[in-house]
Amino acid sequence: MKIDILTLFPEMIQAALGGSVIGRAADGGLLDIGYYQIRDYTLNKQRKVDDTPYGGGPGMLMTCQPVIDCFRDAVAKAADRDGTLKPYTVYMSPKGTKLDSATAKRLSEKPYLVILCGHYEGVDERAIETICDEEISIGDYVLTGGEMAAAVLTDAVVRFVPGVLGSPESAGSESFEGLLLEYPQYTKPAVYEGNAVPEVLLGGNHADITAWRLSEAEKITRERRPDIYRQYVESPFYAKRDVYLDNSATTRQTPEVTDAVASTAELLYGNPSSLSRLGMKAEKALREARETVAATVNASRDEIIFTSGGSESNNLALKGFFAANKHAGKHIIVSAVEHPSVLETAKALADSGIRVSYCPVRPDGVVDLAKLAEMIEPDTSLISVMTVNSETGAIMPIKEIAALKNAVNPKIVLHTDCVQGYGKLRVDVKELGCDMLTASAHKIHGPRGAGFLYVRKGVRVAPLINGGGQENGLRSGTENLPAIAGFAVAAKDAFDNIDASYELVASRCAALRGLLAGKYGEKVVFNSDPSVSLPYILNVSFTPLRAEVMLHALESRNVYVSVGSACSSHKKNRSHVLTAMGVPVRIIDGSIRISFSRFTTEEDVARCFAAVCECVKELRRAAPADMRPRIIAGENPDKAEKPENAEKVKEE
């Protein structure tokens, strides 16, 4: 990163920054920083840089000529070294953008930053209009100019430059974040003049140390800065407010997505179908979003149909296919563990005369390919199998299913509901061999109300909604451009970070599984097989405790999980997924789904485990006497009888 500081006191700033992290970054080649004396660019012999403003005023203003000439010289010298550098210039001013971690991070992404310190009474407005892109403030008490304010800004920005601090997360936890004061830190010796280092730091347990740090930071902030502590408690970052582990139901929208949604709604309010200039701007944004999303699955933009989400996309895929292909075979195969939006749509098709077969799954939740092969008939025209199961995380062999159906009848169309896999697994529709694919924005930290259906060129689908013919005639109605724009941002972010996110989530899932297994042994049953499941989902049972009771007990401790699929968990019937897997009824009744995201922290895992331990102990103590022996013994679930209908293939 290149930073040039234009100032009247370069020696002051250089001395302030030289011994800091900025100096070390510069010495290490991570930062190129230059200091420019504005006085060197004056045209008068006295090197006078200020003058009385026209119309009078409280003091003297810095004149525009030396500022502009200094800026141009700095930019020219930077261009000599690297012709691609374009300056982004900020002016230290009390009326500017507030300096916080988000602002610092944003500025750290500028390859070339120019900081104008100015003058304590101000600068000729023509200089600001000519060279400045943004004004930055570190507080109303700082007047214009501000060499020390510039030093603070530089320090804050440089901490986000890769390699400057020890880890990428370090910058986000710095004290200027504004949420908590720093926790106390200690070095050797362990005991000095009778004053000892806290025992928790000597124990070496990372989870305990993390919890201690948070507790101490909260305590210090509460005592020393109650004003900041109140803001912390009211903020969404307050750790004690919630541990969100229901990410398969929906995810927290990222700030970048929220910004995209808000700015699109505010600025691109034209109708994408309109021929006006505003309409064309909106259409361009829509086209770019479509291209972004299409690239994530290796499709062309004409194959992407934007919808309101996964349920609509699944309905369009199944109902739309049979509506458009009247002469196709009247038989569809779906897996027995599909999302309700597929199962209920299949039931509706059965009512209209389409034969529906439900393919069973193995005990690990994966579709039984041998059974599927037996079910394909001469009039089978559509197969729909999800990519990842929403309750257990079981990954389905879509590529193998495609090869299987192609060997029997290449004309059979394959649809996959990829809502739980999109953004977590790499998805290539050509490699998978699927003809239609469903995805949703709110499962990948995007906005609710946006999704898409990929329809391979040549596959005929009829619209569910008729009207103006938007979305290639398959989904009429003005597009929800703000949500679609947010979807594109979320999709790009998810796929840009897909490997790192997967690795992080896998470690979080394995850590919690290990803690639970170590604590409860056979008394806890894992319904998610790690050898075939996505680590984003962990389905676990605490028999004979009922899942709903466990869920609310955890919720009372601000830990949020779910029971089964969020789209059907309000229903009274048992999990159709675990039933199809042959899981005993009492295990099903005690199953909860814990689902992770790339924002799940080690602290979240530690707090979840602690809450589970408290809840299990509390609920088992309150259990009826006739249940306690079973609780203590921890009956082996493998000895329980399977539901009678677990292996049956249903047809409607």
Side-chain angles (χ1 to χ4, degrees), residues 86 88 97 102-103 105-107 109-110 133-134 250-313 316 418-419 422-423 427 429 437-455 457 461 463-498:
K86 303 297 181 185
Y88 188 85
T97 304
T103 301
K105 186 175 188 301
R106 173 171 57 81
L107 293 177
E109 296 167 356
K110 307 292 183 183
D133 297 292
E134 185 176 3
T250 194
T251 54
R252 173 167 58 90
Q253 192 168 289
T254 65
E256 292 80 9
V257 168
T258 300
D259 289 344
V261 172
S263 62
T264 301
E266 179 182 2
L267 302 175
L268 299 179
Y269 47 84
N271 189 319
S273 299
S274 172
L275 297 179
S276 67
R277 185 172 67 254
L278 290 175
M280 293 176 69
K281 285 184 177 180
E283 193 278 331
K284 180 176 182 291
L286 179 63
R287 182 175 67 253
E288 291 174 348
R290 198 185 308 277
E291 290 172 348
T292 297
V293 168
T296 63
V297 295
N298 192 24
S300 68
R301 73 184 186 198
D302 295 335
E303 295 174 312
I304 300 298
I305 309 302
F306 282 122
T307 67
S308 63
S311 292
E312 183 188 340
S313 293
L316 178 58
C418 196
V419 165
Y422 181 77
V427 178
V429 291
L437 179 143
T438 292
S440 182
H442 75 104
K443 305 293 188 181
I444 58 168
H445 306 284
R448 296 168 180 81
F452 74 78
L453 176 67
Y454 156 76
V455 181
K457 289 180 181 178
V461 176
L464 301 181
I465 303 172
N466 297 304
Q470 288 87 348
E471 298 302 301
N472 288 337
L474 293 181
R475 210 268 186 177
S476 292
T478 301
E479 293 91 347
N480 183 358
L481 186 56
I484 290 171
F487 188 4
V489 170
K492 186 177 187 307
D493 190 23
F495 281 89
D496 283 350
N497 298 283
I498 196 165

Whether the side chain of [X] engages the backbone of [Y] through a donor-acceptor N/O pair (distance < 3.5 Å, no angle test) should be reported.
X: S274; Y: G279; result: no
X: T251; Y: H445; result: yes
X: S440; Y: K443; result: no
X: N472; Y: D302; result: yes
X: D493; Y: V489; result: no

Between CG of N271 and CD of E479, what distance do you get to the nearest 0.5 Å? 7.5 Å
As an exercise, state the distance from CD1 of I465 to CD of Q470, rounded to the nearest 0.5 Å. 10.0 Å
Side chains of [X] and [Y]: does their closest heavy-atom pair fall under 4.5 Å?
X: F306; Y: R475; answer: no
X: E266; Y: V261; answer: no
X: S273; Y: E283; answer: no
X: I444; Y: F487; answer: yes
X: Y422; Y: T296; answer: yes
X: T478; Y: P272; answer: yes
X: R106; Y: E134; answer: yes

Hey, mind stepping through L286 and E291 against side chain to side chain contact (heavy atoms under 4.5 Å, CB included) and telling me if it holds? CA-CA 9 Å; L286 179 63; E291 290 172 348; over 6 Å; no
Distance-minimising heavy-atom pair for [X] and [Y]:
X: A299; Y: I304; value: CB-CD1, 4.4 Å
X: F452; Y: T307; value: N-OG1, 3.7 Å
X: G486; Y: P447; value: C-CD, 3.7 Å
X: G270; Y: A282; value: O-CB, 3.3 Å
X: I484; Y: A289; value: CG2-CB, 3.7 Å
X: T97; Y: T103; value: CG2-OG1, 3.9 Å

Would E303 and S300 count as having a side-chain donor-acceptor pair, cut-off 3.5 Å? yes
Any side-chain donor near an acceptor of the partner, T250 and H442, under 3.5 Å: yes
L437 and L453: CA distance, side-chain angles, deciding distance, side chain to side chain contact (heavy atoms under 4.5 Å, CB included) verdict: CA-CA 6 Å; L437 179 143; L453 176 67; 5.9 Å; no
Just do the side chain to side chain contact (heavy atoms under 4.5 Å, CB included) check on T438 and C418 with the steps written out, would you? CA-CA 5 Å; T438 292; C418 196; 5.8 Å; no
